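Structure first, then comments.
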Amino acid sequence: METLLRVGQRALLAEFGSAAEVLAFHRHLSAKPLTGQLEAIPAARTVLLSFRTRLQAQEAQRQLRRIRLRPGAPEEGREVELRVHYDGADLETAAQHLGRSVQGLIDWHSSTRWMGAFGGFAPGFTYCLPEQLVAKRRLRKSDLAAAVPRLQTPRTEVPAGAVGLAGEFSAAYPRSSPGGWQLIGTTDAPLWDINRAEPALIRPGDTVRYRPVPERITVSSGTQTGLPAVPASDVVLEVLTPGPQTLLQDLGRPGHGELGVPRSGAADLQALRQANQLVGNPEEAVGFETLYGGLELAVQQTSILSVTGAETSLTIITPAAPATSNMASGSTGQPEQTREVPLRAPFLIYAGERLRLSTPSRGLRNYVAVSGGVAAPAVLGSAATDLLSGLGPKPVSAGQRFALVGAPSGFVGIADVARTALPEPGVPATLRFVPGPRDEWFAAKHGNPGLEALQSLTWEVSADSNRIGLRCTGPGGGQDSAAAPGVAAGSSSGTVTEPPIMRTQEGELPSEPVVRGAIQVPPSGQPVVFLADHPVTGGYPVIGVVVSEDLGLAAQLPPGTELRFRAVDPLTLDAL
């Protein structure tokens with residue numbers, strides 16, 4: 001092991017000189033996990049180790065430095081063939097980077113024997129290396145001659161089936177997702193199928209061949225699974241209006257990172273846990289996550305609900321009662337009535353009544369829990385909707401009806417989870433972070449101008465933000481992948497502007513595992529804070545990791561919110 005780096009509060013990043021060393025280290029810690037070890041996720045030159053507590057992560061630092069391993073031969077796998085139509089948007093650019101013609105790139109890519117090295121980024125996205133590089137104990141610069149840089153700014157959407165190059169790796173995107181790879185073609189291979197015994201088509205150790213085909217390939221992006229129909233007698237809730245977006249969420253599916261499956265779950269875990277506790281549910285019970293309000297539910301059985309998260313008003317509508325007599329001319333009966341119920345407290349709602357959430361005045365997401373827990377099928381142990389990987393149920397639609405997992409609890413009203421901090425109007429929100437693991441990419445001989453810029457500037461939350469990541473714009477913001485490096489997008493004069501956070505280290509960072517809260521900085525200098533549905537691995541340096549105590553706030557920041565970052569000591573959370 002060359003270095004051991006701290007990642008946030010409860011994780012470590014072990015760095016090696018080759019893929020062979022990574023695979024040996026990962027095999028060892030998978031067979032003999034350390035105390036409190038939750039997960040070991042391999043990547044190009046690194047293995048990420050996450051732990052239950054900060055103290056266990058500290059103790060692991062001492063134990064890991066004593067491990068000495070000899071890399072063995074890579075595990076043998078199957079041979080997988082992918083049909084590729086070479087029509088990628090970056091085909092010519094990638095060829096220029098490699099000093100080849102377009103046909104030369106196609107010939108090289110399709111004649112090379114590639115080997116699956118590790119999973120990551122998304123389920124079924126397997127990083128493949130030229131076979132001759134996998135077994136090398138140490139890579140030289142000459143070994144990386146066929147290295148293609150990532151885009152200056154990642155695309156917000158890469159189509160399903162896209163085949164790309166980044167660094168020395170080749171891979172194919174299983175479904176539509178963000179990404180910064182240079183795209184050279186399209187494949188229709190079924191890269192991820194949860195119904196297979198091995199969901200990933202390409203596994204570590206498999207040999208991969210790309211076979212060029214002349215015909216154009218069209219690929220369906222794939223969607224989340226639909227919910228089975230609920231018998232009328234079991235229906236408790238019906239969604240009348242889902243608002244801009246309503247998802248089923250629980251605490252997520254941890255432990256599958258090496259398959260490229262992120263934890264996902266509620267964007268604001270604290271708010272969902274609080275909502276479940278208020279109605280007597282286990283913390284992991286399924287509830288609704290709704291964005292920007294607008295959700296309206298009807299209940300068909302008397303129920304106990306709670307709503308947490310963003311500051312919003314809750315209205316219960318009692319339908320108009322019909323007239324009890326037809327003797328009086330023009331009698332219309334009892335008119336429709338409304339009443340307000342409190343936020344962050346359990347309340348009773350009777351059969352036939354409706355609950356409506358208004359647009360939040362502060363914050364972004366609300367969580368609705370119903371005593372008994374919402375019934376939904378689990379995928380890899382969770383019913384969470386993951387918008388990056390496509391795992392879990394589809395977003396909730398109008399007319400969907402839901403049953404409960406169990407009987408409503410008779411013990412409600414107590415929650416030991418503090419409410420999520422919400423942004424204050426007119427005041428920049430502050431996210432605390434632990435520097436590293438790649439803050440040295442922005443350091444100078446004296447000091448770290450990158451860390452200084454991250455903390456001194458006031459950023460704005462971009463409208464491109466979502467459950468995958470919080471995109472931040474600062475001076476020179478608004479750049480996209482179509483803009484030339486260092487030139488503000490939309491600038492007719494071509495005025496050169498420096499990125500707000502400047503790299504001081506050249507080259508490409510080999511893809512490595514990332515955690516929730518990671519602050520990734522692409523060459524554009526506009527940071528991205530990873531949220532619930534973040535990719536498992538990434539190829540841009542992470543300058544810091546938002547502390548777990550502030551992740552709920554990060555999930556509650558609407559577009560346009562001003563944002564500041566503050567570095568803290570991970571043990572005390574005091575400012576550095």
Side-chain angles (χ1 to χ4, degrees), residues 19 44 79-118 120-122 124-134 136 139-155 157-174 176-189 191 201-202 206-219 481-485 506-511 522-523 537-540:
E79 182 161 311
V80 179
E81 183 179 271
L82 274 61
R83 298 177 348 116
V84 180
H85 179 63
Y86 287 91
D87 59 350
D90 307 309
L91 185 60
E92 291 187 11
T93 303
Q96 291 172 7
H97 280 299
L98 296 174
R100 302 173 185 263
S101 66
V102 168
Q103 188 58 50
L105 182 152
I106 295 171
D107 292 342
W108 162 77
H109 188 256
S110 59
S111 64
T112 299
R113 283 173 60 89
W114 299 83
M115 181 173 284
F118 58 92
F121 180 71
F125 188 102
T126 303
Y127 291 75
C128 298
L129 273 170
E131 191 176 46
Q132 68 271 19
L133 298 187
V134 174
K136 286 206 170 188
L139 295 180
R140 301 181 177 87
K141 285 187 177 181
S142 59
D143 294 321
L144 304 181
V148 177
R150 288 172 175 80
L151 300 177
Q152 289 287 307
T153 301
R155 290 180 171 91
E157 184 175 5
V158 174
V163 176
L165 298 171
E168 65 269 37
F169 296 99
S170 178
Y173 286 76
S176 176
S177 59
W181 287 41
Q182 303 264 8
L183 306 183
I184 62 171
T186 307
T187 182
D188 55 2
L191 298 164
L201 177 65
I202 304 170
D206 288 348
T207 300
V208 179
R209 291 281 199 179
Y210 295 98
R211 180 167 65 87
V213 295
E215 64 268 23
R216 187 169 295 277
I217 292 174
T218 303
V219 182
S481 57
E506 296 181 354
E508 288 286 313
L509 177 70
S511 293
T537 59
Y540 298 116

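Computed from a predicted structure; not experimentally measured.
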Quick one: list whatever passes side-chain hydrogen bond (donor to acceptor under 3.5 Å, both in side chains) with E506, sequence neighbours left out.
none
Of all heavy-atom pairs linking A89 and R155, the shortest is CB-NH2, 3.8 Å
Inter-residue atom distance E92.CD - S101.OG, 0.5 Å rounding:
11.0 Å
Apply side chain to side chain contact (heavy atoms under 4.5 Å, CB included) to the pair W181 and V158, showing each step before the final yes or no.
CA-CA 9 Å; W181 287 41; V158 174; over 6 Å; no
Between OH on residue Y540 and OG1 on residue T153, distance to nearest 0.5 Å:
7.0 Å
Nearest 0.5 Å, what's the OG-CG distance between S110 and L105?
9.0 Å
Could you check whether any side-chain heavy atom of F125 comes within less than 4.5 Å of a side-chain heavy atom of S177, counting everything from C-beta outward?
no
What heavy-atom pair brings I217 and T186 nearest, and what distance separates the two atoms?
CD1-O, 3.4 Å
Heavy atoms of A117 and L129 approach each other most closely as CB-CD1, 4.2 Å
Roughly how far, to the nearest 0.5 Å, is the OG1 atom of T93 from the CD1 atom of I184?
12.0 Å
Grab the two heavy atoms, one from V84 and one from G185, that are nearest each other, plus how far apart they are.
CG1-CA, 4.1 Å
Can you measure from CG (L165) to CG (L91) and round to the nearest 0.5 angstrom?
9.0 Å
Indicate the atoms forming the closest heavy-atom contact of H85 with V213, along with that distance.
ND1-O, 3.1 Å
Quick one: closest heavy-atom pair of V208 and C128, and the distance?
CG2-SG, 3.9 Å
Spacing of Q96 atom CD and D90 atom CG [to the nearest 0.5 Å]:
11.0 Å
ring-ring contact (aromatic ring centres under 6.0 Å, His included) filter on F118, not counting sequence neighbours, yields Y127, F169
Can you name the side-chain hydrogen bond (donor to acceptor under 3.5 Å, both in side chains) partners of E215, sequence neighbours left out?
R83
Do R150 and Q182 make a side-chain contact, defined as non-hydrogen atoms from C-beta onward lying under 4.5 Å apart?
no
D107 meets the side-chain hydrogen bond (donor to acceptor under 3.5 Å, both in side chains) criterion, sequence neighbours left out, with Q103
Considering residues at least two apart in sequence or located in another chain, which fulfil the side-chain hydrogen bond (donor to acceptor under 3.5 Å, both in side chains) criterion with Y173?
none
Kindly assign one of parallel, tilted or perpendicular to the pair H109 and W114, based on the angle between their ring planes and the thresholds 30° and 60°.
tilted
Hey, is CD on E81 packed in by over 12 heavy atoms from elsewhere, all under 6.0 Å?
yes
Between the side chain of T126 and the main-chain N/O of G116, is any donor-acceptor distance below 3.5 Å?
no
No-hydrogen, no-angle side-chain donor-acceptor test under 3.5 Å, T207 and E79
no
Partners of A172 by side chain to side chain contact (heavy atoms under 4.5 Å, CB included), sequence neighbours excluded?
L82, V163, T187, L191
